[in-house]
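In what follows, a structure is listed as structure tokens, so that the remarks can point back to it.
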Number of protein chains: 2
Amino acid sequence: MYKSTYHIFFSNLANPLRIKIISCLKEKARSVSELSQKIEEEQSKVSHALASLKSCNIVEAEQKGKQRIYSLNKKTILPILKLIDNHAQTFCGSKCVSCEICV
Amino acid sequence: MYKSTYHIFFSNLANPLRIKIISCLKEKARSVSELSQKIEEEQSKVSHALASLKSCNIVEAEQKGKQRIYSLNKKTILPILKLIDNHAQTFCGSKCVSCEICV
DNA sequence: TATACATATGAATAGAATTTCATACAAGTA
DNA sequence: TACTTGTATGAAATTCTATTCATATGTATA
């Protein structure tokens, strides 16, 4: 089936590790090994995940000596995350029973 | 691994059929069979997809006789799609080579 | 209540994405 | 140039997700 922009984009974000990385990069730009340590995941996993995020311009990289420093492209991501936060709050207050989001 | 709100939400959207359905519901609310015809997909696939979308409150359903009419919760989804459109435009103008989004 | 139409559901299978691990590459330093 | 450190990559193995299809449920109507 045809892969739309949306599908590519959402698939990229639909992954716990990549979300973790995004959260970690919200704070500040970091190298691969820094990220790897901080979130306690293997270097190669982190590299794969970063490559994926980069392929959608969700992060960008800058070489600095031996290290590659990744930073978050905040313009798109932060507002999206905010919208989801609001969504979750609206639909998953104390009363929510059915919604998967707050299980 | 822990499933965050974000992960659940994005996973739900990371699917071509569900995106198709969302697009179709932008226009107006529709029944399952209407959707099924319109997007030329099997009824049971559409039902499964709708159940998934509903579990995150992305769509809601209203019974109307034998039919169940699904409508899009536009408040969250439309602005997210717009952000992605802008993102794609910004990063994938005519010059874009590497980005998966515009391949 | 028997029938038809609309939708939902469960479970097996098929398909896709992730993890893992060995290894390659790249940049700096002795 | 050999060595070390940091990062990327490929491919097999694993895990996750979607599709399929048979069937169940739910709603109306003859």
Side-chain angles (χ1 to χ4, degrees), chain A residues 1-4 6-22 24-25 29-56 58-71 98-101 103, chain B residues 1-4 6-22 24-25 29-71 98 100-101 103:
Chain A
M1 187 184 260
Y2 171 66
K3 287 203 173 191
S4 69
Y6 299 140
H7 179 222
I8 292 169
F9 199 88
F10 288 129
S11 300
N12 213 320
L13 296 172
N15 176 285
L17 174 56
R18 293 196 289 267
I19 289 289
K20 248 182 169 180
I21 288 174
I22 287 172
C24 198
L25 291 179
R30 294 179 201 267
S31 71
V32 178
S33 48
E34 234 182 314
L35 277 169
S36 189
Q37 271 189 284
K38 183 93 178 172
I39 66 185
E40 294 177 294
E41 295 280 359
E42 245 207 300
Q43 176 267 316
S44 94
K45 277 177 76 172
V46 174
S47 268
H48 278 297
L50 286 167
S52 185
L53 290 169
K54 189 151 173 284
S55 80
C56 280
I58 295 168
V59 300
E60 61 180 7
E62 186 198 358
Q63 195 76 24
K64 196 175 183 184
K66 281 190 251 183
Q67 298 181 315
R68 202 160 292 180
I69 309 294
Y70 282 88
S71 59
S98 62
C99 168
E100 260 190 47
I101 283 182
V103 176
Chain B
M1 186 185 261
Y2 171 65
K3 285 202 174 192
S4 70
Y6 298 140
H7 178 221
I8 292 169
F9 198 89
F10 288 130
S11 300
N12 213 322
L13 296 172
N15 176 284
L17 174 56
R18 294 196 287 266
I19 289 290
K20 250 183 168 178
I21 289 175
I22 287 172
C24 199
L25 292 178
R30 293 178 202 268
S31 72
V32 178
S33 49
E34 236 183 312
L35 276 169
S36 190
Q37 271 189 284
K38 183 90 178 173
I39 67 183
E40 294 177 294
E41 297 280 359
E42 246 208 302
Q43 176 267 316
S44 93
K45 276 176 76 173
V46 173
S47 269
H48 278 296
L50 286 166
S52 184
L53 290 169
K54 190 154 172 283
S55 80
C56 279
N57 287 306
I58 293 167
V59 300
E60 61 179 8
E62 185 198 359
Q63 194 77 22
K64 197 177 182 183
K66 282 190 250 182
Q67 297 182 316
R68 199 160 293 178
I69 310 294
Y70 282 87
S71 60
S98 61
E100 261 189 45
I101 285 182
V103 175

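In what follows, every heavy atom counts, from backbone to side chain, and hydrogens, waters and symmetry copies are set aside. In what follows, chains are A, B, ... by sequence order, proteins preceding strands, each numbered from 1.
- Computed from C1' positions of five pairs at each end, the angle between the two local axes of the helix from C/dT1-D/dA30 to C/dA30-D/dT1 equals 10°, rounded to 10 degrees.
- Here B/His48 lies parallel enough and close enough to stack on the base of C/dT9, with planes under 30° and ring centres under 5.5 Å apart.
- Legend: residues meeting side-chain hydrogen bond (donor to acceptor under 3.5 Å, both in side chains) with B/Ser44, ordered by chain and number and at least two apart, are absent.
- Straight-line distance from the CD1 atom of A/Ile69 to the P atom of D/dT7: 7 Å, rounded to whole Å.
- With sequence neighbours left out, the side-chain hydrogen bond (donor to acceptor under 3.5 Å, both in side chains) criterion links A/Gln63 to A/Arg68.
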Just the atom pairs and distances: protein N or O near nucleotides 27-30 of chain D's N or O, under 3.5 Å.
residue, atom, partner, partner atom, Å
D/dT27, O3', B/Gly65, O, 3.4

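- Applying the side-chain contact (heavy atoms from CB on, under 4.5 Å) test to B/Ser47 and every residue at least two apart in sequence or in another chain returns B/Val32, B/Gln43.
- To the nearest angstrom, C1' of D/dG6 lies 12 Å from CD of A/Gln37.
- Between the CG atom of B/Leu35 and the P atom of C/dA8 there is a distance of 10 Å, given to the nearest Å.
- Taking the side chain as every heavy atom from C-beta outward, A/Glu41 and A/Lys20 approach each other to under 4.5 Å.
- Using a 4.5 Å heavy-atom threshold, the side chains of A/Ile19 and B/Phe10 count as touching.
- Between A/Ser33 and D/dT7 there is a side-chain N or O to OP1 or OP2 distance below 4.0 Å.
- A/Asn15 meets the side-chain contact (heavy atoms from CB on, under 4.5 Å) test with A/Leu17, A/Arg18; sequence neighbours excluded.
- Candidate nucleotides D/dT19, C/dT9, D/dT9 were compared by shortest atom distance to the side chain of A/Ser47, and D/dT9 ranks first.
- Here A/Lys38 pairs with A/Cys24, A/Glu27, A/Arg30 under the side-chain contact (heavy atoms from CB on, under 4.5 Å) rule; sequence neighbours left out.
- Residue A/Gln67 contributes atom CD, which lies 11 Å from atom P of D/dA8 at whole-angstrom precision.
- Rounded to an integer number of Å, the gap from CD1 of B/Ile8 to P of D/dC16 is 15 Å.
- Straight-line distance from the CD atom of A/Glu62 to the P atom of D/dT7: 13 Å, rounded to whole Å.
- In this structure the side chain of A/Leu53 never reaches within 4.5 angstrom of the side chain of A/Leu25, judged on heavy atoms.
- Two residues are said to be in side-chain contact when any heavy atoms from C-beta on lie closer than 4.5 Å; B/Leu13 and A/Leu13 fail this criterion.
- The nearest whole Å value for the distance from the CG atom in B/Leu53 to the P atom in D/dA18 is 11 Å.
- Listed pair B/Tyr70 / C/dA6 fails the phosphate criterion, with no side-chain N or O lying under 4.0 Å from OP1 or OP2.
- Not counting sequence neighbours, the partners of A/Glu60 by the side-chain contact (heavy atoms from CB on, under 4.5 Å) test are A/Ser71.
- A/Ile58 CD1 to A/Asn12 CG: the interatomic distance, rounded to the nearest 0.5 Å, is 4.0 Å.
- Protein atom CD of A/Glu41 is 17 Å distant from nucleotide atom C1' of D/dT7, rounded to whole Å.
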Under-3.5 Å N/O pairs linking protein and nucleotides 13-18 of chain C:
residue, atom, partner, partner atom, Å
C/dT18, OP1, A/Asn15, ND2, 2.9
C/dT18, OP1, A/Arg18, NH1, 3.4
C/dT18, OP1, A/Arg18, NH2, 2.9

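- Not a single donor-acceptor pair, N or O on each side, falls under 3.5 Å between the base of C/dA6 and the side chain of B/Gln43.
- Here B/Ser11 pairs with B/His7 under the side-chain hydrogen bond (donor to acceptor under 3.5 Å, both in side chains) rule; sequence neighbours left out.
- Side-chain N/O atoms of A/Ser44 include none lying less than 4.0 angstrom from OP1 or OP2 on D/dT7.
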